[in-house]
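Worth saying up front: this structure is predicted, and the values here are computed from it rather than measured.
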Amino acid sequence: MVKIAYILLCHKDPDGIVTQAERLTAVGDFVSIHFDGRAKREDYDRIRTALADNPSVTFAKRRVKCGWGEWSLVDATLQALYAAVDAFPRATHFYMLSGDCMPIKSGEYAHDFLQKADVDYIESFDFFASDWIKTGIKEERLIYRHWFNERTQKTWFYRSMEWQKSLGLARKVPSDLAIQIGSQWWCLRRQTIERLLKFIRKRPDVMRFFRTTWIPDETFFQTLVRHLVPETEIRSRTLTFLVFTDYGMPQTFYNDHYDLLLSQDYLFARKISPDAHELKARLGALYSAEGHEFRISGEGRRLFTFLTGRGRIGRRFAPRFWESESSVGRNRTLMMVTCKKWHVAKRLVSRIRAVTGTPAIDYLFDEASTALPDLGGIQSTLEKRARHRRALVRMLFDYYKTDRLIFCIDPASVEMIRDFYNDKAKVRLLEIECDFTDDYLIGHARRVGLAGGSTPQDTLNRLLPTIRYDVRFESERLREMDFSGFQVIRQSADADENAVSLAAFLDIPAEKAREIAATEYLFVD
């Protein structure tokens, strides 16, 4: 009889983790939890207290501080596995999950599915021959030792690799292993887990090798399972449905994806939006359901590939199913600061960051050099940012773990501003109205190519009224749009008057708004 021990790796949302554990154990399965060592101790204690009386839940004995792409993720998985093997001798299968996963089949269906074939489910493709890695380094993941994180220590990551390369320090892969690669979301039988744990105790050389590889959670288990288990007992696939965007980021699912998810030939799905409360409730109830029939069509990944491919070759495509609710988020507040003098807007948002702590970004869609975190490539060019603007902003909310975000935008981008106002998020707009001297407008004309360094003064004098009108027109057009939550601060106004608008825009106390508005250098050219 199938009994599943879920290996749950998580780092946030303690209430959601408790609910997930209670849901999975209610039908007779088990859960082993590793809660990231970087997460708050009080959140971990809440989870342990809430689940203390549940005999079907255990915890990793050691909390590992996890980092994307690092050995720490494999270490955390092993800690949860050790705990599960000891605590649940009746578990027949061990299934990797994250806190963002949800069941898309009933527990009854999952047990019957695993009962049908005595096999392991894990993606394992030849590391060197397959095209599983789409971008970035490949062989270098293995032959060089990686002590730095590419996402948080990019300079040292690549510098260390170049030093090893120049000094001829490339290493060999363990000779008896054929390195495999695949998704980290697997489901393995008990005998496979026991063989794997025995192997790593006997082979410290293999452990040393993988500890300094890059992104070992995509190679460690995939390689060892293929080494230890006959090929006939392996299904090279994951039972967790996930698709990736054009930029290598997992696609998020929303409330209107319920029917789509149930029709896929998978047991779980990742990632479910934290705002998709209705979807979570329906999927949560589904796991304990009995007698539910599922009609499997399995078109999800093929449809994704088809529609994405048409977009890449410039052919018009229907709305992508994964963007049918492409929203920044209903419970989030998006605040845009617009000003023709970019340096003034940048000074303002810098001051807002300092006084309120709210994440605030400079000209996100106007300057390629604007500092942004690595979001899988979607942030790499202005064209990509604009084309996937809602997805980009949603990812920034997730990255900063906030429900309030500010960015600057040029007043000429009225259509983009209007698009954000059509989102389900709460959207506000602040215009900074500046005074424009002739010298500034001439400089602006030269910056945008309307004039050059040798343009005669007579020509500039004739051009100035048109440029001044153009700047004024952009401001008037914003007012005509009648955007809700629209506020204005003016260079000609005093700090007290501007503080009123800032307080309304930022939803902060008057004294904090006054502190920001009183910034002496704000309007200096």
Residues D43, K12: salt bridge by 4.0 Å N-O rule: no
F125, CZ atom: more than 12 neighbouring heavy atoms under 6.0 Å: yes
Take atom NZ in K165; do more than 12 heavy atoms of anything else shown fall under 6.0 Å from it? no
Testing the basics here: between L78 and W71, what is the closest heavy-atom pair and its distance to 0.1 Å? CD1-CZ2, 4.3 Å
Backbone of G291 reached by a side-chain donor or acceptor of E108 within 3.5 Å: yes
Taking atom CZ of R353 and atom CD1 of I361, what is their separation to the nearest 0.5 Å? 8.5 Å
State which residue, out of F253, Y109, Y95, fulfils the ring-ring contact (aromatic ring centres under 6.0 Å, His included) condition with F268. Y95
Would you verify whether the NZ or CZ of K105 falls within 45 degrees of the ring axis of F294 while also being under 6.0 Å from that six-membered ring's centre? yes
Pair E150-Y158, side-chain donor/acceptor within less than 3.5 Å: yes
OG1 on T152 to CG on D374, rounded to 0.5 Å: 11.0 Å
According to side chain to side chain donor-acceptor pair (under 3.5 Å), does anything in residues 24-35 pair up with another residue at least two apart or in another chain? List the pairs. T25-N54, D29-H111, D29-Y287
Does the R385 side chain pair with the main chain of Q379, one donor and one acceptor, at a distance under 3.5 Å? yes
Is it possible for you to check whether R48 lies under 6.0 Å from the centre of the six-membered ring of F59, through NZ or CZ, and within 45° of that ring's axis? yes
Classify the ring geometry between F365 and F407 as parallel (under 30°), tilted (30 to 60°) or perpendicular (over 60°). perpendicular
Would you say D176 has more than 12 foreign heavy atoms packed within less than 6.0 Å of its CG? yes
Here the gap from K138 atom NZ to E140 atom CD, rounded to the nearest 0.5 Å, amounts to 10.5 Å
Can a donor-acceptor pair be found, under 3.5 Å and without considering hydrogens, that links the side chain of R145 to the backbone of L169? yes
With distance as the sole test, does R63 use its side chain to make a donor-acceptor pair with the main-chain N or O of R38 at under 3.5 Å? no
Does NZ in K280 sit with more than 12 non-hydrogen atoms of other residues, nucleotides or ligands closer than 6.0 Å? yes
Check: L242 main-chain N/O paired with R270 side-chain donor or acceptor under 3.5 Å: no
Backbone of Q184 reached by a side-chain donor or acceptor of D217 within 3.5 Å: no
If you count heavy atoms of other groups shown closer than 6.0 angstrom to CD of E290, is the number above 12? no
Kindly confirm or rule out a cation-pi arrangement of R151 over F157, judged by NZ or CZ under 6.0 Å from the six-membered ring centre and within 45° of its axis? no
Under the rule for ring-ring contact (aromatic ring centres under 6.0 Å, His included), what residues qualify as partners of H277, not counting sequence neighbours? none
Q20 side chain to C101 main-chain N or O, any donor-acceptor pair under 3.5 Å? yes
Tell me every residue that passes side-chain contact (heavy atoms from CB on, under 4.5 Å) with D507, counting only those two or more places apart in sequence or in another chain. R404, R428
side-chain contact (heavy atoms from CB on, under 4.5 Å) against D398, all qualifying residues, sequence neighbours excluded: R332, R394
Spacing of CD1 belonging to I47 relative to CG belonging to D13, to within rounding of 0.5 Å: 8.5 Å
Could you grab the distance from atom CZ of R237 to atom OH of Y266, nearest 0.5 Å is fine? 5.5 Å
Mind checking the CG-OG1 spacing from L224 to T192? Nearest 0.5 Å is all I need. 11.5 Å
So, does T58 use its side chain to make a donor-acceptor pair with the main chain of A84 at under 3.5 Å? no
By the definition ring-ring contact (aromatic ring centres under 6.0 Å, His included), identify the one residue from W185, F94, Y121, W186 that meets it with F221. W186
S183 side chain to E123 backbone, donor-acceptor under 3.5 Å: no
Any donor-acceptor pair under 3.5 Å linking the side chain of R389 with the backbone of F420? no
For R195, what residues pass the side-chain contact (heavy atoms from CB on, under 4.5 Å) criterion, not counting sequence neighbours? L228, V229, P230
With sequence neighbours left out, which residue pairs that include part of residues 219-232 fulfil the side chain to side chain donor-acceptor pair (under 3.5 Å) condition? S124-R226
Could you label the plane-to-plane angle of the W214 and H146 rings as parallel, tilted or perpendicular, counting under 30° as parallel and over 60° as perpendicular? tilted
